[in-house]
Amino acid sequence: MPSLFNMPIDRLRGIGASRARLYNKLGVSSVGELLRLYPRTYEDWSDPCKIADAPENTVCCIKAAIEKVLKPARIHGNLTVFKFIASDGYDNITVTFFNQKYTYQRLSGGGKFLFYGTVKRYSGGYEMSSPTVSDINSAGIHPVYPATAGLTAKQIEISVRQAIKLLPENINDPIPKEILKQYGLCSLDFAIRKIHFPGSPEDIENARQRLAFEEMLILQLGMARLRSVGTREKSSYIIGKDYSDEFKRLLPFKLTAAQDRAITQCIADMKKSLYPMNRLIQGDVGSGKTAVAASVCYTAIKNGMQCAFMAPTEILATQHYKSLSELLKGSGIRLALLTGSVTVAKKRVIYDDLENGEVDLVIGTHALISDNVAFRSLGLVITDEQHRFGVKQRAALISKGTNPHIMVMSATPIPRTLALMIFGDLDLSMLDELPPGRQKIDTCLIDSGKRNRAYNFLKKHIDNGNRCYIVCPLVEEGESELESAEEYIKKLGKTVLGGYGIGLLHGKMKAAAKDEVLSAFAQGKIDILVSTTVVEVGVNVPEATVMMIENADRFGLSQLHQLRGRVGRGKDKSFCILVSDNQGNNTRERLSVLCRTNDGFEIADEDLRLRGPGDFFGSRQHGLPELKVASMSSVDIIDKTQTAAKKILGADPDLRLKEHRGLYFEINRLFARVGNTEQLQ
Ligand code: ADP
Ligand code: MG
């Protein structure tokens, strides 16, 4: 297989430069990658049904002979309709095509064909519109590929058929034989051939299982190797004294036991003489991660280090700067905020201060990794919302110190099994306790029929001096995020909420415009903030007491929990209203988890159980290769591959053995695509 990854896609017949560019859009530039472009779904043509037995509103396959060719009708402009009457020997059906001249010519000659589509019943009989047509000898299960503009699923299928022919007699299987046997997996050869052209539904299942296992195994091995590279160097900043008690005296509140434990763990890490700290702090929304970071910084700084704190957005960086300044007030610690929008003159001052050691703690965005930034003694690097940074960005900041301690803060509780995988060999501290006095956010699930009652509920809260969020439906196809949000606001204007101050926040807005809306909301100039999911992180408005989420079923549970965490930040009781018309059992079960509990870890576990690992590897997990099959598979694959990966690395940490050569190749190939290879030597 490796050699096929070196064979450019345009070596296949029918693929020239322009079509090759379309393939590139699908992430395919070589024949090998084409073989790894798996069908999105399948059409089962193996068992045609009678026209009269066709299921309602569901695609199916019928076998019928052309009885009559109707005269093509030009409807308007360049739209031509071609109609045929076909029969399966029992009933007639009208088959319609639009502008498909080639199909028209093919069917006009008469004969029997397979038609794949939805049979519609109407008073005069049966009808099928724009079905896929095939020769009767090509029954079986057909792959459907993820097409892109200018490249149809059918064209991809034709190329894949050619590519399959190029496969050598025996493809090298990256998974060692022993593991295949132990987990009852089919060979790569079988999997690749059958995932594209299965003979039965079982073939698809077997191929999927095997490919999912491979993907997950490679991900686990790759991550484990990435992490081990970063932590081999000895620590340069070993701390002598623990100042966390002194820090406590600065605080207006008592730390929770979980916070205390996390701080103790971090300080113990930094006291060790061998390797620097490399720890993930996971905590639910509001569990007080910032105070933990502040305490650890305090001790680090009192021991002569500088600290850098990187956040993914300007809003978050600014908010952290404010909270940390507040928490460290009276400590004598000198803080600075460095983001893209800081003026050049101010930046220069900060650069100088960092280099001379006159700033102890710098908080910022990726502006921190600019070449201009140098430290005198960077000993502790903290990143918030870690998975939003690429491995490169993280490494760039870390390289500004000499083997600094590393602390990662994740605001999205991730199930332990996944955390161990995503974050490799980071040590884990869990803040599984909220500060006392927090009120539970009451959550309910309604359908859109009750929307007006919900609006009245919001109105009551606003009249009492509070504020509300509405997270707007996600975009419909062909509509931009902005359009759908503006549409929503227009409708909102005609309800009981019409007279109130309504603001809009969406993803395409410039940072400055976002800040403006957010501060208007924070100051109460806006009563209702209608937003797409950008409100998710970093917004802290204590007066906000209601969070209403439209089309709640389209979000993952963890994401909903995160959104809900925007309310319940002040003294007043807060509420979350989930709106969904999806009556599916699974959906109801999923959403009811949120109504039942406020515990982010429990929610994450349920989410993983109900939806599989896919969501946790969605677009937010930058720095990880994309999962094509495994994201659809069940959770136990994580455990299995974790065990397998451990065993492989235990026997051969650098993957140098002959039987691991294939794995080594695949890890490099997949991690190269996300720009991580320089770390995988
Ligand atoms: P998160 O873990 O979501 O980042 P924060 O660190 O922003 O949480 O803390 C949320 C709020 O709780 C802040 O206003 C913070 O000052 C407060 N807080 C943190 N720890 C405690 C505590 N032990 N007791 C009371 N309030 C606390
Ligand atoms: Mg926070």
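Please read these numbers as outputs of a predicted model, since none were measured by experiment. When reading the values below, keep in mind they use all heavy atoms of this one structure, side chains included, and skip hydrogens, waters and symmetry mates. All residue numbers refer to positions in the sequence shown, counting from 1.
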- Query: Taking only residues two or more places apart in sequence or in another chain, which ones pass side-chain contact (heavy atoms from CB on, under 4.5 Å) with D352?
  - Reply: N356
- Test side-chain contact (heavy atoms from CB on, under 4.5 Å) applied to M430 and F601, step by step: CA-CA 10 Å; M430 301 255 232; F601 286 99; 3.4 Å; yes
- Message: For D242 and S244, which I'm curious about, is there any donor-acceptor pair between the side chains at under 3.5 Å?
- Response: yes
- Value rounded to 0.5 Å, distance of CZ in R334 from CD in Q306: 8.5 Å
- Run the side-chain contact (heavy atoms from CB on, under 4.5 Å) check on K514 and L505 step by step: do they pass? CA-CA 6 Å; K514 269 185 202 170; L505 193 66; 3.7 Å; yes
- What's the verdict on side-chain contact (heavy atoms from CB on, under 4.5 Å) for F247 and I263, showing C-alpha distance, side-chain angles and the deciding distance? CA-CA 11 Å; F247 170 75; I263 293 165; 5.6 Å; no
- Closest contact, heavy atoms only, A645 versus L217: N-CD1, 3.7 Å
- Query: Should we say atom NZ of K346 is surrounded by more than 12 heavy atoms from elsewhere, each under 6.0 Å from it?
  - Reply: no
- Item | Nearest atoms (heavy-atom pairs only) where A262 meets L431 | CB-CD2, 3.8 Å
- Task: For the residue pair T339 and E314, confirm or rule out a side-chain donor-acceptor distance under 3.5 Å.
- Result: yes
- Task: Taking the six-membered ring for Trp and the full ring for Phe, Tyr or His, determine whether the centres of Y469 and F521 are under 6.0 Å apart.
- Result: yes
- Task: Give, for atom NE2 of H405 and atom OG of S236, the distance between the pair rounded to the nearest 0.5 Å.
- Result: 8.0 Å
- Flag yes if more than 12 heavy atoms outside E516 fall under 6.0 Å of its CD atom; otherwise flag no. no
- State whether the side chain of R348 and the backbone N or O of V344 hold a donor-acceptor pair below 3.5 Å, judged by distance alone. no
- Note on the structure: Between the CD atom in E355 and the CD1 atom in I350, the distance rounded to the nearest 0.5 Å is 13.5 Å
- Message: If you compare all heavy atoms of I549 against all heavy atoms of C576, which two are closest, and at what distance to 0.1 Å?
- Response: CD1-SG, 4.3 Å
- Query: Minimum heavy-atom separation for H320 to D384, with atom names?
  - Reply: NE2-OD2, 2.5 Å
- Message: Can you tell me how far apart CZ (R596) and OG1 (T443) are? Round to the nearest 0.5 Å.
- Response: 12.0 Å
- Worked check of side-chain contact (heavy atoms from CB on, under 4.5 Å) between I281 and M407: CA-CA 7 Å; I281 312 287; M407 183 167 152; 3.8 Å; yes
- Task: Taking only Lys NZ, Arg NE, NH1 and NH2, and the carboxylate oxygens of Asp or Glu, determine whether D527 and R467 approach each other closer than 4.0 Å.
- Result: no
- Qualifying side chain to side chain donor-acceptor pair (under 3.5 Å) pairs, either residue in residues 251-263, two or more places apart: K248-D260, T256-Q259, R261-D432
- Task: Would you name the heavy atoms of Y237 and G379 that are closest together and state the gap between them?
- Result: CD1-CA, 3.6 Å
- Query: Are D607 and H561 close enough that a side-chain donor and a side-chain acceptor fall under 3.5 Å?
  - Reply: no
- Message: Please check: side-chain N/O of T597 versus main-chain N/O of V593, any donor-acceptor pairing under 3.5 Å?
- Response: no
- Item | Summary of salt bridge (Lys or Arg N to Asp or Glu O under 4.0 Å) pairs that have at least one residue in residues 262-282, sequence neighbours excluded | D269-K272, D269-R279
- How close do A294 and L327 get, heavy atom to heavy atom, and via which atoms? CB-CD1, 4.1 Å
- When rounded to the nearest 0.5 angstrom, what distance separates CG in L324 from CD1 in I382? 7.5 Å
- Query: Got more than 12 heavy atoms from elsewhere within 6.0 Å of NZ, K646?
  - Reply: no
